[in-house]
Amino acid sequence: MNSDYLDTERQDNMRMLAESAQTFAIKVSPLTRARGLRGSASGFDRGFWGKLAEQGWTGLLISEVFSGYGQGFGEMAAVVSALATQVAPEPVVPALVFASRVIENTGNADLQQQLLASIVAGELIPGVAWQEELAGLQVNLMANAVVAAPTNSGIQLTGEKHHVRPGADCDGFVVTAKQGNDLSLWWVPANAAGVKVKSVALADGTSEASVHFNGVMLDESQRLAQGEAAMAAFTRAYDEALVMTSVELLALQKVMLNMTLEYLRTRVQFGKPIGSFQALQHRAVDLLIQQELTSSVLSQALVMLDDGDSNVLERSAMASRIKARASDAGLLLARESIQLHGAIGFTDEYDLGLYVQRALVLSAWLGNALAQRRRYAQIANLSI
Amino acid sequence: MNSDYLDTERQDNMRMLAESAQTFAIKVSPLTRARGLRGSASGFDRGFWGKLAEQGWTGLLISEVFSGYGQGFGEMAAVVSALATQVAPEPVVPALVFASRVIENTGNADLQQQLLASIVAGELIPGVAWQEELAGLQVNLMANAVVAAPTNSGIQLTGEKHHVRPGADCDGFVVTAKQGNDLSLWWVPANAAGVKVKSVALADGTSEASVHFNGVMLDESQRLAQGEAAMAAFTRAYDEALVMTSVELLALQKVMLNMTLEYLRTRVQFGKPIGSFQALQHRAVDLLIQQELTSSVLSQALVMLDDGDSNVLERSAMASRIKARASDAGLLLARESIQLHGAIGFTDEYDLGLYVQRALVLSAWLGNALAQRRRYAQIANLSI
Amino acid sequence: MSTNQTTDWNALDTDTFRQTVRAFFEQNYPAEMRYPKTRLRWAEIKDWYMTLSKKGWVAPSWPQVHGGMGLSPEKLIVFIEEQERWGVGRAPDMGITMIGPLLIQYGSEEQQQKYLPKIIQGENIWCQGYSEPNAGSDLASLRTDAVEDGDDFIINGQKTWTTLAQDATHIFLLARTDKTVKKQEGISFLLADFTTPGITVRPIRNIAGHEEFCEVFFENVRVPKANLVGGLNQGWGIAKALLGFERIFLGSPKQSQYALSRVEEAAHALGLFGDQGFVDRYTQLQLDVADLSALYVRFVEQVKRGEKLGPDVSMLKVWAAETFSRLANLLVEITGGSGAVAGDIEVNGKKIDVLTSFYNARPATIYGGSSEIQRNILAASVLQLRS
Amino acid sequence: MSTNQTTDWNALDTDTFRQTVRAFFEQNYPAEMRYPKTRLRWAEIKDWYMTLSKKGWVAPSWPQVHGGMGLSPEKLIVFIEEQERWGVGRAPDMGITMIGPLLIQYGSEEQQQKYLPKIIQGENIWCQGYSEPNAGSDLASLRTDAVEDGDDFIINGQKTWTTLAQDATHIFLLARTDKTVKKQEGISFLLADFTTPGITVRPIRNIAGHEEFCEVFFENVRVPKANLVGGLNQGWGIAKALLGFERIFLGSPKQSQYALSRVEEAAHALGLFGDQGFVDRYTQLQLDVADLSALYVRFVEQVKRGEKLGPDVSMLKVWAAETFSRLANLLVEITGGSGAVAGDIEVNGKKIDVLTSFYNARPATIYGGSSEIQRNILAASVLQLRS
């Protein structure tokens, strides 16, 4: 265990950051805001993104070398958790964890300097275009159908990626492509010729995209990394995104359980609060257990991320493990919270639905519980 | 649906048979008898078997041509169920359904005449030696490791079979063997030279056997069938044994649920019968549902067996389906009945354990729920 | 009566009757409306309702004298099985299945003459006003009251979870007419025309984006005493009496079979039948559905024999709804990264609708007596476990 | 004192302490007794108990002044982790873990001097007499009574589920000393020597064939008043006070990890790691166990920080016991036709013990507070859901 993490000063700072992020989120991102943005053109608010930048949170994870604040995942988790508690629809994990971390993990200093500084400033919202399966039981981190191939006029990028977030108003993509037998990583602006973004509406009112690269011409300067370095940089950011998505899922779990408990305590049927019925009590307990399992594993996962030099396989195993637990628990809480509420839990005007829909989205994103368990099994076999 | 089954006269006869079998079983096979036979040399009582013969039940299923009574599976189920309710340890389904039916389904008239008459008379207790997997996720009805091969001095049987019931004091075996690429069926007396029976103790105090055929010399007169006829005869009897084992499992389920309900109604904790606690009520309801699912499917399966000319694949699918449900429900009831009883349910002197252990044995025998579901899936694919 | 009701349907043998019904549905029900994903609105289903009405088939369970088909339970089940088989959408049918039979049994002759023909003719669409914000599972706690005033009752209160009230012209409701007696004893059964002043209908949007339910507000709504069904304060008994063998349809395997087909289609499109992990889980659910059908058949046979359904029929609803829910979960799971896409996805040329089953599975375990209430009933009335 | 208790164990750094303990266990604990499948009897474990006793390690949690090691919670957890890691069998330890600490806290000096050394020396073996036939989960309903008679109490009644009483020399028990007050307020905490006339011990055989528990009958058993611990009628509070951080060990992942290893071994022998259906289920349970460990670590950290355990520790016991039970089910399932074999089966040269886990999983969810009682505690005390 990283002794840093037990460092009292850091603990205090993290607590303060969590409190201020919570205060900010409740004030600046009330549920009415999330509600209002559902189904809107981009599904989120660039103005709000600017406020995140003002808080310094768009650069929280980015190292000082690139004008960021060089904070750890524990700190980032405090911000991510606060925003998730308010179901803020902004693509914080997709852009500020997943995409930013791929970029930061790679070695193209010019591109890093340029992109990361814009990200810190809140001017650039990037996404990662990596996934080629539309559906199915496993995830595959290697690119196959999207290819970067040499032509007479230069390198050309062709193929389609799915499940890219943000699904609209994304400024550019970190793209994983097959080059020869290697994985390569490219930066492709959204407005590059040949890029076609098809937004796909998601359950929670945000969107993801299927991005078609139709012979997009690439310049060497756009290459972030290639070969083992590319796979290492991408895998690391993917693992980090898994953990931070689990942070969001835990925040959702907590709100759903709290809403449900509050309802159980106050809703009266047959002359008693329904929370006095033992069958419902025991089901609520099972939800608590899942939430606390998520929370316990997540603590260890965050420590491991902050303890940067952990074994790669251990890190990936841990990341898949927490995403599996957080996703399953998130969906269980979503379903059971509706059930324990009864009819009202199924109405749109009751806020529970906002959390249920977000839990659906996040449990599926980056690979659901089953896909993560299968990845875990593969990794466990490698490391036996 | 077989209209016979809805025939009022037959219904009345079946009801009367069920009542007399129940009366007989309670009187002649009290639980103390089953208790006392646990772990004894053969695990059951030949004297009691003689009484079954006196009742005509050893020949109930066997056709009049072979000195039997030519009754249907509905009638046999009445007897099997009554004996299972008293956890009688005699190998009724192994000998009187599985082995007898293979013999009756085949075409060797001399052998049929000889064996079936002895079975009716209660003098011969046969078993079927077919299974070659000791453990694993599926069952395979084809013989592979046990081979009937021609030698200079005649056909020789070699190989080992597992999970043969009865596991001791069995008079002879219907053996499935590979002959060339065919399945062949043979009658091998237990005292034939080269037969080695190794009894294996089971959870319920009865035993099964691993039977080793060490170059047993076979005479053509011992061949019951070969090729497609052998597979058809064996598969049919196997399916019939699956259904009749499910009859036993349902009988066990009912006793376990009734004992549990009685305990819930009378055991007082915190000043109330524990059956008044809603969480326990709901769990008891889930047991009821599994029991009633078993019962509903079983009714259809029995009708299908009695309606002899149903499609073979449909029959096999139905047989695996009911065995899967009955086994899963049987184990669930076993575990939950202990849990709902608390500590006393785990003691040997309380009768619940007799049923729990028998449920363990029968859910595993002939292939457990998972193995049956996999067989069902294969059959369903064949028939799509 | 819209058509001459003279055929003795019950005299037909089952197969002939089944073929007759099947042929009519296949020839007349609009193909594009088969297996609707959600409840159809009146505007969508009206034409079909009128087709049935003209055929004389809109009220299969009613006596022929009132314009029904006069089907025996056995034939009615065949009729409904054929509807389900062909994926015939459900019209707003509270008039046909609830208030019609109730008026036939308890209504005055005036009430019967005034209301029954208009139900048959599709002129009046009824909805049911039972549940209230604070009276869901505990219906007897309802607070909407009806105060006698001369020849009228004056109704005040609020109903909720009223299915498709926005399409209805009338509502039948339970209201409290005596606050001084035990909860169940002070309730009356009333009828109200939605054109009566003081009634407001507000649709409730659900998380799937549909407006299947409504709130209905009553503010000094004056209805004539002629709108009282049965005696004053007899409403509870009347409402309960309506729970006939139709309860069986709450446990129909239809929804699960439909969801299983969706899983099967998706699995074929995704090539999952070669994946033993999927196949194991699929087979288990496939058998859960098959065994649900066996349980259903058992209760159907009971109805066909003319026996009353006991409280044990609740187990059918529990297993049906929960099996459906597990299938919906599996569909979300196997669609992986697309498990939260709103609307269809297209894989290998096949369209997969991921979330409709997930959303539909939510109310399945809540409405019509939640799984918890059903388990309470089973524990008390079947298992004899007292609270 | 058998050895000179002077080492300040708590001053050692954790790693050194761990290595010291590990080395001792590895060198001294009999290899053939590692990971016993069931509780060991005194005859089997006595030598090891005496080895620990001579080393001065038999009572790791006791103060050194009483012959213990005086370990802090942090070090005690390391000590127990090493026991579990090496599969060290549990001796009849009610003297060490229950009555010893209780006498140290509540006993008179005479009681401490009389009993504590003999526990350390293995001369007295204690058992716990709490549960009764009609007082299991509802312990306060106990009926065994102790009537004052001169300088004695006369005890009558019956205890049950008394672990390994057949090996014990003494019992500590709760008995009713005042029937006129509220249930919890009339109970006293008494000690009895099994040589006292009127005590009968009858072992209870369980369905696995073992005799781990006993009934203990008291018929006019006369014990001196000096055997009262704490004040008259103060027994309930004393018994409750004993529930310290040791509760954490009820939720140890040890049993689940052990069962997971058995499943893994069996799966290797059976070649199941190529079967995706098995692998999916195995992985899920593997993660259930891993995540159980994470939850366990959280409570361990809390103990190490010197914080008291709250009622939330009950979730650990629930998840540990139920995860163990699911693993036992999986083992029965993958052994297929051998799923009911008593004793080992041998597949491809590997021995597989199918049913021991299945049997051991039954009491795991019952004893030490059943899963239902633990859920009641969590609902009331953590979730604030009132009955």
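Computed from a predicted model, the values in this text were never measured in an experiment. Below, read A as the first sequence line, B as the second, and so on, with proteins coming before strands; counting in each chain starts at 1. Keep in mind that the numbers below use all heavy atoms, side chains included, and drop hydrogens, waters and symmetry copies.
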>> Is B/Asp328 in contact with chain C via its backbone, its side chain, both, or neither, using a 4.5 Å heavy-atom distance?
In response: side chain
>> Quick check on B/Leu370 against chain C: is it the side chain, the backbone, both or neither that has a heavy atom closer than 4.5 Å?
In response: side chain
>> Could you measure the distance from the CZ atom of B/Phe73 to the CG atom of B/Leu302? Nearest 0.5 Å is fine.
In response: 9.0 Å
> Is it true that C/Phe25 and C/Phe79 have ring centroids separated by less than 6.0 Å?
Replying inline: yes
>> Go through it in stages, so that I can follow the logic: the residues are C/Phe324 and C/Tyr258, the test is ring pair (Phe, Tyr, Trp, His ring centres under 6.0 Å), and I'd like the CA-CA distance, side-chain angles, deciding distance and then a yes or no.
In response: CA-CA 9 Å; C/Phe324 175 42; C/Tyr258 184 77; 8.7 Å; no
>> Using the rule given for side-chain contact (heavy atoms from CB on, under 4.5 Å), can you reason through B/Leu261 versus C/Gln384, listing the C-alpha separation, both sets of side-chain angles and the distance that settles it, and then say yes or no?
In response: CA-CA 8 Å; B/Leu261 291 172; C/Gln384 309 295 328; over 6 Å; no
> Hey, what do you get for CG (C/Leu260) to CD (C/Glu265), rounding to the nearest 0.5 Å?
Replying inline: 10.5 Å
> For C/Ala290, is it the side chain, the backbone, both, or neither that has a heavy atom closer than 4.5 Å to a heavy atom of chain B?
Replying inline: both
> Under a 4.5 Å cut-off applied to non-hydrogen side-chain atoms, are C/Val263 and C/Leu285 in contact?
Replying inline: no
>> Is C/Glu322 close to chain B through its backbone or its side chain, or both, or neither, when contacts mean heavy atoms under 4.5 Å?
In response: neither
> Under a 4.5 Å heavy-atom cut-off, does chain C meet the side chain of B/Gln278, its backbone, both or neither?
Replying inline: side chain
> Quick one: what part of C/Asp312 sits under 4.5 Å from any heavy atom of chain B, side chain, backbone, both or neither?
Replying inline: neither
>> Quick check on C/Leu316 against chain B: is it the side chain, the backbone, both or neither that has a heavy atom closer than 4.5 Å?
In response: neither
> For B/Met256 and B/Leu352, which heavy atoms make the closest approach, and how far apart are they?
Replying inline: CG-CD1, 3.9 Å
> Using non-hydrogen atoms and a limit below 4.5 Å, what part of residues 279-291 of chain B faces chain C?
Replying inline: B/Gln281, B/His282, B/Ala284, B/Val285, B/Asp286, B/Leu288, B/Ile289, B/Gln290
> Is the backbone N or O of B/Thr245 less than 3.5 Å from a side-chain atom of B/Lys323, with the two atoms forming a donor-acceptor pair by type?
Replying inline: no
> Is chain B contacted by the side chain of C/Gln374, its backbone, both, or neither, given a heavy-atom distance below 4.5 Å?
Replying inline: neither
> Which distance, rounded to the nearest 0.5 Å, do you find between the CD of B/Glu336 and the OG1 of B/Thr260?
Replying inline: 9.0 Å
> Any idea which heavy atoms bring C/Leu76 and C/Ser61 closest together, and the distance?
Replying inline: CD2-CB, 3.8 Å
> Is chain B contacted by the side chain of C/Arg386, its backbone, both, or neither, given a heavy-atom distance below 4.5 Å?
Replying inline: backbone
